[in-house]
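One structure is given here, and the rest of the page talks about it.
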Amino acid sequence: MYNDLVKFIREQFQTQDFIPLHAPVFAGNEHKYVAETIESTFVSSVGKFVDSFEEGIRKYTGAKYAVACVNGTAALHMALILAGVKKDDLVITQSLSFIATCNAISYLYAKPLFIDVDKKTLGLSGSALEDFLKNHTVQKKAECFHKLTGQRIKACVPMHTFGHPVEIDTIAEICHKYNVILVEDAAESIGSTYKGVHTGNYGSLGAFSFNGNKTITCGGGGVIITNDEKLGKLGKHLTTQAKVPHRWEFVHDQIGYNYRMPNINAALACAQLEQIEKFIENKRELAKSYEEYFVDKNIQFVKEPSQSRSNYWLNAILLNSLEERNEALTLLNDAGIMSRPCWQLMHRLYMFHDCIKDEQSNAEWIYDRLLNIPSSYRVKINA
Ligand SMILES: Cc1ncc(COP(=O)(O)O)c(C=O)c1O
């Protein structure tokens, strides 16, 4: 059974060599733009590529403001600062996520509060969120507080897992109703839309990552998007050391951060952004082939949720048990085909094991069964 899967994956990538989970492809203007940056000597946080990357992201996502950052974690950290998260606040998120979501919350000495995920989207469940807020919170002066601990619940950070959009309109409505600021961890979902709107636009803020393993990459990089002028301008100010603009004086008006994406990374990012639709079309074709392959295999292929267009960043399958998952993991990796389980659930890590949480039965069910399989842009197929 898994031998057949190995053969199928090898056919998709047309190679007998090791097949990684997700490899970047530099097939456009990357060399040209990076060389231009070096020649200009503007390799750091000032330069034309940072500005044009922000402009490109604005156009591509439809957001009014974009703030380019050094990486996705910094983008998320800054988005939470802009959302007003403070020490001892609670921030709702999902346990099934990469650790950066919880790390960014922790940088502010706030605590994650884990709500279960939905089995269809793999992201935060709207109904579990509503149940929790209805039963465990009170409103005081238009703010949301946890009944038992009295802590403020300032923000909610759903994550678009593997590029598949969560039911973000429902979540946005619930957050609005309970006075909780919505920040989308859209690190994995560049190019993914829900009901025709790019992810990251439903929240007050959205944060993306351009790490080497993402759909488009600039080595390390991230961006915050927002449609709120005040947040957009403050984001740019805080990510550039909160320096007051002046020809020669160095004056800073608050504690700032050295979070601005360097121009040399932005050069790569611009070249990658030019190719994003080609990458996503190619990745969606691969997802379609996987979907057709798994139809009669007693293995569930994770499809994009309804009313959404996923970038299919990482393809995922659900086996029937933890034992089956482990068997497939071993066989595929032994055969030189990289596959990976889900991140260990955050509520099981010692740093977060005492955080408030609801029942995590869907997250635990998914963790036991899910496997990511190779998802790169296929250069040979497109040639
Ligand atoms: C869900 C999620 N959040 C945040 C990040 C952080 O992004 P970065 O690695 O660019 O800091 C990533 C990716 O790495 C991610 O997958």
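Start at 1 and go down the list; that is how both ligands and their atoms are numbered. These figures come from a predicted structure and were not determined experimentally.
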Checking H136 against D358: is there a side-chain donor and acceptor pair closer than 3.5 Å?
no
Closest protein heavy atom to atom 6 (C) of ligand 1, given as residue, atom name and distance to 0.1 Å
T73 OG1, 3.4 Å
So if I count the atoms of ligand 1 from 1 in the order they appear, which ones are less than 4.0 Å from some heavy atom of E188?
1 (C), 15 (C), 16 (O)
Considering distance alone, does some N or O of S209 sit under 3.5 Å from an N or O of ligand 1?
yes
Run the numbers for me: atoms of ligand 1, each under 4.0 Å from some heavy atom of A100, listed by number.
4 (C), 5 (C), 6 (C)
Which of the numbered atoms in ligand 1 are under 4.0 angstrom from any heavy atom belonging to K214?
12 (C), 13 (C), 14 (O), 16 (O)
Hey, what's the ring geometry for F294 with F301, parallel, tilted or perpendicular (30° and 60° as the breaks)?
parallel
I'd like to check which ligand 1 atoms, numbered from 1 as shown, lie under 4.0 Å from a non-hydrogen atom of M159.
1 (C)
With heavy atoms only and a cut-off of under 4.0 Å, state how D185 meets ligand 1: side chain, backbone, both or neither.
side chain
Residue selection (non-hydrogen contact nearest atom 15 (C) of ligand 1) among G163, A74, A187:
A187
Using 30° and 60° as the class limits, which term best fits the ring planes of F250 and H252: parallel, tilted or perpendicular?
tilted
With a 4.5 Å limit on heavy-atom distance, are the side chains of Y312 and H164 in contact?
yes
Atom 12 (C) of ligand 1: nearest protein contact (heavy atom, Å):
F98 CD2, 3.5 Å
Looking only at side chains, do Y60 and E277 share a donor and an acceptor under 3.5 Å apart?
yes
Give a yes or no on this: more than 12 heavy atoms of other residues, nucleotides or ligands lie within 6.0 Å of atom CD of E359.
no
Do any N/O atoms on G72 end up under 3.5 angstrom from N/O atoms on ligand 1?
yes
Compute both the distance and the angle, then confirm whether K233 meets the cation-pi test with Y65: under 6.0 Å from the six-membered ring centre, within 45 degrees of the axis.
no
